[in-house]
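In what follows, every heavy atom counts, from backbone to side chain, and hydrogens, waters and symmetry copies are set aside.
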Amino acid sequence: MSVTSKIRRQGGAAVITIPPALLKLMDLDVGSQVSLTVSEGELIARPVRHSRKRYSLDELLEGSEVLTELNAETEWAREGESVGREIS
């Protein structure tokens, strides 16, 4: 698909309008990031895809031993009857 768009000035920037049909073809929305490169005098726009880091179970559980120890050390504070106007 080939589209002609005019470069215009908005504030201090040069802006190119991208038609909705082209955005849909590229699976982009307003606010999406694109990488702009110039190759042999042509401007090339490629979507920037942010991949989310996938954590292993070991990475997710890292530090959980410390929380277990802390819960054991402060268990006394969670036991017993209300003394004043605490919500139980």
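Between Glu59 and Arg54, the shortest heavy-atom distance links the atoms OE1-O, 4.2 Å.
Grouped with Tyr55 in one hydrophobic cluster are Leu60, the linkage being side-chain heavy-atom contacts under 4.5 Å among Ile, Leu, Val, Met, Phe, Trp and Tyr residues.
Cluster annotation: Val48 is not connected to Ile44 through the hydrophobic network of ILVMFWY side chains, with a link wherever side-chain heavy atoms come within less than 4.5 Å.
Counting non-hydrogen atoms of other residues, nucleotides and ligands closer than 6.0 Å to CD of Glu79 gives a total above 12.
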Donor-acceptor pairs are to be reported for all side-chain atoms of residues 16-37 against protein atoms at under 3.5 Å, with residues two or more places apart or in another chain.
| residue | atom | partner | partner atom | Å |
| --- | --- | --- | --- | --- |
| Ser32 | OG | Asp29 | N | 3.0 |
| Ser32 | OG | Asp29 | O | 2.9 |
| Gln33 | OE1 | His50 | NE2 | 2.9 |

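Under the side chain to side chain contact (heavy atoms under 4.5 Å, CB included) criterion, Thr74 pairs with Leu70, Arg78, not counting sequence neighbours.
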